[in-house]
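Not measured: the values here are computed from a predicted model. Throughout, protein chains are lettered first and strands after them, A, B, ... in sequence-line order, and every chain is numbered starting at 1.
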Amino acid sequence: MTDKNPTTKSMDDIMALCKRRGFVYQASEIYGGINGFWDYGPLGAQLKKNLRDAWWQDVVMNPCQGKPGPNGQPVRIVPVDTCIIQNPKVWEASGHVGGFNDPMVDCRETKNRYRADHLLCIGEKGDKAGRMYVYIEANEKSYEAARKKLDKYKKRTLNDDEIDICSLTDLSADGLAISVGPDATEAGTLTEPRAFNLMFPTVIGATGDLEDNKAYLRPETAQGIFINFKNVVDTTRVGVPFGIAQTGKAFRNEVTPRNFTFRSREFEQMEIEFFCHPDEAKDWYVFWRDWRMSWWQEIGLAGDNLILREHDRDELAHYAKEGAGTSDIEYRFPFTAPGYGELEGIADRTDFDLKQHAEHSGLGDKLKYFDPTRGELAKNGQPKGERYFPYVIEPSAGLDRGVLAILCEAYTPDPDRPSKVFMKFHPRVAPIKAAVFPLVNKDGMPEKAAELHRELVKRFGHLGMIETDAKQSIGKRYARMDEAGCPLCFTIDGQTMTDNTITVRDRDTAGQQRIAMTDAGDHLAAALGL
RNA sequence: GCGGGUGUAGUUCAGUGGUAGAACGUCAGCCUUCCAAGCUGAAUGUCGUCGGUUCGACUCCGAUCACCCGCUCCA
C-alpha cells in the first residue's frame, strides 16, 4: 500500500493528461515555451468552444434559459464583438492607464515585497544622515516596531513631535540607502519602487514609433461594451433594463503567471454588462449572482468544489465601492486547495464606467439614457421620462478558467478500469460526443459502423466530434474514449448483422445496454439533453 | 521580482565524464465477437537552450528559458 490516496487529484497528472490527449499544450513549446501562454490542442479547442457556445446560448440566445428577471419580465441581452485595440483614451477613462501602476518595493534582506504607496518612513526631525525606519501604513504593529527601532538607534525615547514622517515614494536614492525595511535589520535593503503596468503596449502604424503611436491590447472586454452603450441603445430596440454580452480575448501582463492556464497573460473572457436603473441594481445583482452560480453547477461543476463568495467591503474594486457588492464564483483547484480560485466575478460597477466615458469623451449628459417609462406623469397620463446613467451589473467569467475547472472536475481516477482515469465531462461540454466502433474489423461490421457514424455526424457534428475507430481491441478503444471523456460508445457486433441492434456503453458506469441501431441518434440526443 | 525544486522519447521515469535506455502509449501487420488481451515489426530524442572546463559533457561549471512550490501580485 502506498500512502497516496488514489482519489486525490494531482495537478501534475491532470497536466500530463492534457498534453497526452491534446487538450492543452505549452505555447511556442518547440522554442522553449513562453511564460504565461498556453495553446489548446484538438480536444481542448473543442471543449473550450463548447463551453463558450453553452454560455452564448444561455446568455444571448435564450437569456437565463428563460428564467424571468426580478421585474418578472424576460431578461433581454444583445451581443457585440468589439476590438482588442481601442483608442488609448478608453483606458485612460477606465482608469487602467493611470490608476493601476502600483509601484512595488522588494526587500533584499527579508525577501518581502511591499506596495510602495503603502509604506511610510520615520526619522528624527532635521536628521538628514541618520537612519530612517520604514513601516506599513495603517499597520499598528509595524509602526510600533519602527518606533522602537528608531529609539534604539538614537539610544533614547523620542517624542512624537521630534519625528518626521514621509512617504517612501518621496524618498531619494540616498534616502533609501539609509532606510531600514519594515522587517529588516540593515539599511539600504529596499529596492527602488518599480512600477507595474499590466497592460500590453503595442504600436499602431507601420513606422513603429512607440511613443507617438502607442496603443494597448485590452485588459478586459468590458470597456468595449461601455463605449458602445449609446450605439446599441440608438440602433437596437432595447431599453433598460437590458444587457450587452461579449466573449473575447483580453491581455494582462501578470506579474507572476502561474498555475497552468489559471493566470495566463492572454485569456478569454465571457462578459455581460447588464444596464439597469440605480434603484433596481441591488435586485439585478442578486439575480445575476445566483443565476450564474447555478449555471456553472449545471455545466458540470456540481460538487463542493464550487462556492459563491461575497467580497468583503475592503477588497472591492475601485469601480464597485459604492455599489451593491461584488461576489466571486470560485472553484477549488488542486493548486488552490484547500482554498479557491476565481472563475467569475459578479460586480455592481454602478455608473462608474459610463460616467467616466461621458466625461473623457466630452459627450457628458448625452451618454445618459432616456427612460420613457419613468418620471412624473404628464397631463395625458404618460410618464415624462427620466434621464440617468444606468447602473451596471457585471457578471464577468474567465473562459479559460472555466475550461480548467471543468478539466479538473472531470478528471476521475479509477484504478479498476483499464485507462486508470477517465474524464467525466458533462455531455454538453464533452469535446467528443460519441464514438462508433465495429466490435471487430470484418464481417460487414466496419461498413455498418461507417453508416451509423455518417448519420450521427450529420445530426450532431455541429455540437462536437463523433469518432469512429476500427483498429486494435475494443477494450483499448473504450479506454481511449474514457481518457478523452466521450460519454457514449456505440458498438456494432455480430448480432447487429442479424437484428440491427447495437450496444451502448456508458462512460461513467462502463455498463452496456442493447438498443436498436435506428434509436442511436435519439439515445445520444437524450444524453446531450436535447 | 525573490527563494527552493525540476527539465532525458508522446507520457512516466532510469542512467553513466567515453556512441542514449525501460515501461506504457503511438503506428503497421496478424489475430481478435465487449473493456489498454496476444504475437511480430516500426517510428520517435541535437538528454530544455547557449556558453565554458575537458582529448571527450546527457553527466562538471556558468548563464538563460520554461514548468512546479513558497512569498509577492492580481483593475
Side-chain angles (χ1 to χ4, degrees), chain A residues 10-13 15-22 25-38 41 91 94-102 104-115 189 191 194 196-199 218-220 222-223 250 252-260 262-265 315-320 326 334-335 341-342 345 347 349 352-353 394 396 398 416-422 437-443 445 470-483 489 491-497 502-505 507 510-512 514:
Chain A
S10 140
M11 204 57 216
D12 286 344
D13 292 344
M15 288 170 68
L17 183 138
C18 283
K19 172 72 186 293
R20 189 168 71 240
R21 297 259 72 123
Y25 309 129
Q26 195 180 5
S28 306
E29 187 178 285
I30 64 170
Y31 289 101
I34 176 165
N35 193 340
F37 297 88
W38 299 87
W91 309 114
S94 69
H96 288 87
V97 171
F100 300 102
N101 300 344
D102 298 337
M104 305 299 297
V105 167
D106 289 310
C107 177
R108 296 187 194 90
E109 179 186 334
T110 64
K111 309 304 179 195
N112 288 332
R113 166 174 287 182
Y114 311 94
R115 273 183 61 170
T189 64
T191 62
R194 276 186 291 256
F196 289 82
N197 189 335
L198 267 46
M199 279 201 294
R218 65 180 172 201
E220 61 177 21
Q223 298 304 326
R252 294 180 193 176
N253 244 325
E254 297 289 354
V255 177
T256 312
R258 259 315 153 79
N259 291 327
F260 202 30
F262 184 78
R263 178 162 296 127
S264 298
R265 287 178 161 142
E315 59 179 322
L316 293 183
H318 65 286
Y319 53 71
T326 299
F335 50 78
E342 179 184 348
R349 291 185 76 129
F352 177 88
D353 300 275
E394 177 194 72
S396 171
D416 294 333
R417 68 173 71 202
S419 58
K420 307 296 181 211
V421 62
F422 68 107
F437 299 142
L439 184 58
V440 290
N441 197 14
K442 61 179 183 183
D443 300 339
M445 293 180 214
K471 297 288 179 64
Q472 299 176 312
S473 74
I474 191 71
K476 188 170 282 198
R477 284 175 273 162
Y478 286 153
R480 276 196 282 250
M481 286 301 117
D482 278 349
E483 268 204 334
C489 294
T491 300
I492 281 74
D493 59 13
Q495 195 178 329
T496 312
M497 311 312 289
I502 59 177
T503 62
V504 192
R505 175 190 181 271
R507 175 197 62 201
Q512 289 182 26
R514 182 164 285 275

Q. Would you say the ring centroid of A/F262 lies under 6.0 angstrom from that of A/F335?
A.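 When the ring centroids of A/F262 and A/F335 are compared, they turn out to be within the sub-6.0 Å range.
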
Q: Have a look at A/F335 and say if it touches a base, only the backbone sugar-phosphate, or nothing, with a 4.0 Å heavy-atom cut-off.
A: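 The residue A/F335 makes sugar-phosphate contact but no base contact.
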
Q.
So A/F437, base contact, sugar-phosphate only, or nothing? Heavy-atom distance under 4.0 Å.
A.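 Answer is nothing: A/F437 stays at 4.0 Å or more from every strand.
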
Using a 3.5 Å distance criterion without hydrogens, assess whether the side chain of [X] forms a donor-acceptor pair with backbone atoms of [Y].
X	Y	answer
A/R265	A/E254	yes
A/D493	A/T496	yes
A/W38	A/S264	no

Pairwise N/O distances under 3.5 Å, protein to nucleotides 47-51 of chain B:
none

With [atom1] as the reference atom in both, quote the distance from [N] to [M] in angstrom, rounded to an integer.
N	M	atom1	result
B/A9	B/G21	C1'	10 Å
B/A42	B/U6	P	37 Å
B/A66	B/U32	C1'	45 Å
B/C31	B/U19	C1'	39 Å
B/G52	B/G56	C1'	14 Å
B/C65	B/C30	C1'	47 Å
B/U26	B/U12	P	16 Å
B/A20	B/A36	P	37 Å

Q. For A/R252, which residues count as a salt bridge (Lys or Arg N to Asp or Glu O under 4.0 Å) partner, sequence neighbours excluded?
A.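 If we apply the salt bridge (Lys or Arg N to Asp or Glu O under 4.0 Å) test to A/R252, skipping adjacent residues, there are no hits.
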
Q) How would nucleotides 23-40 of chain B be written as a contact map, 5' to 3', with B for base contact, S for sugar-phosphate-only contact and - for no contact, using protein heavy atoms under 4.0 Å? A) ---SSSS--BBBBBB---

From [atom1] of [X] over to [atom2] of [N], roughly how many Å is that when rounded to an integer?
X	N	atom1	atom2	answer
A/L17	B/U12	CG	P	11 Å
A/E29	B/G7	CD	C1'	12 Å
A/F262	B/C69	CZ	P	12 Å
A/D12	B/G5	CG	C1'	12 Å
A/R258	B/C2	CZ	P	12 Å
A/E220	B/C74	CD	P	15 Å
A/R263	B/C68	CZ	P	12 Å

Are any of the side-chain heavy atoms of [X] and [Y] separated by less than 4.5 Å?
X	Y	result
A/D482	A/R417	yes
A/C489	A/Y478	yes
A/M481	A/F437	yes
A/T491	A/R505	no
A/Q26	A/K19	no

[X] side chain: which of [options] is closest?
X	options	answer
A/Q26	B/A66, B/U11, B/C69	B/A66
A/T256	B/G1, B/C67, B/C74	B/G1
A/N259	B/C74, B/C68, B/C69	B/C69

Q.
For B/C67 and A/N35 - does any side-chain N or O of the residue sit under 4.0 Å from the phosphate oxygens OP1/OP2?
A.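 Checking B/C67 against A/N35, a side-chain N or O does come within under 4.0 Å of OP1 or OP2.
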
Q. Does OP1 or OP2 of B/G10 have a side-chain N or O of A/K19 closer than 4.0 Å?
A.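 No, no such contact exists.
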
Q | Qualifying residues under ring pair (Phe, Tyr, Trp, His ring centres under 6.0 Å), relative to A/F422, sequence neighbours excluded | A |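 Per chain and number, A/F422 pairs via ring pair (Phe, Tyr, Trp, His ring centres under 6.0 Å) with no residue.
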
**Q.** For A/R258, all residues meeting side-chain hydrogen bond (donor to acceptor under 3.5 Å, both in side chains), sequence neighbours excluded
**A.**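 Listed in chain order: nothing, the list is empty.
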
Q | Exercise: identify the closest heavy-atom pair between A/R477 and A/A470 | A |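 Scanning both residues completely, I find the closest heavy atoms to be NH1-CA, 3.7 Å.
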
(Q) Let's test your reading of the pairing rules: Watson-Crick or G-U wobble, both distances under 3.5 Å, then write RNA chain B as a dot-bracket string with ( ), [ ], | and dots. (A) (((((((..((((....[..)))).(((((.......))))).....(((((..]....))))))))))))....

(Q) Need to verify one output field. Residue with the more 5' nearest nucleotide on RNA chain B, A/R252 or A/G33? (A)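 Its nucleotide being nearer the 5' end, the pick is A/G33.
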
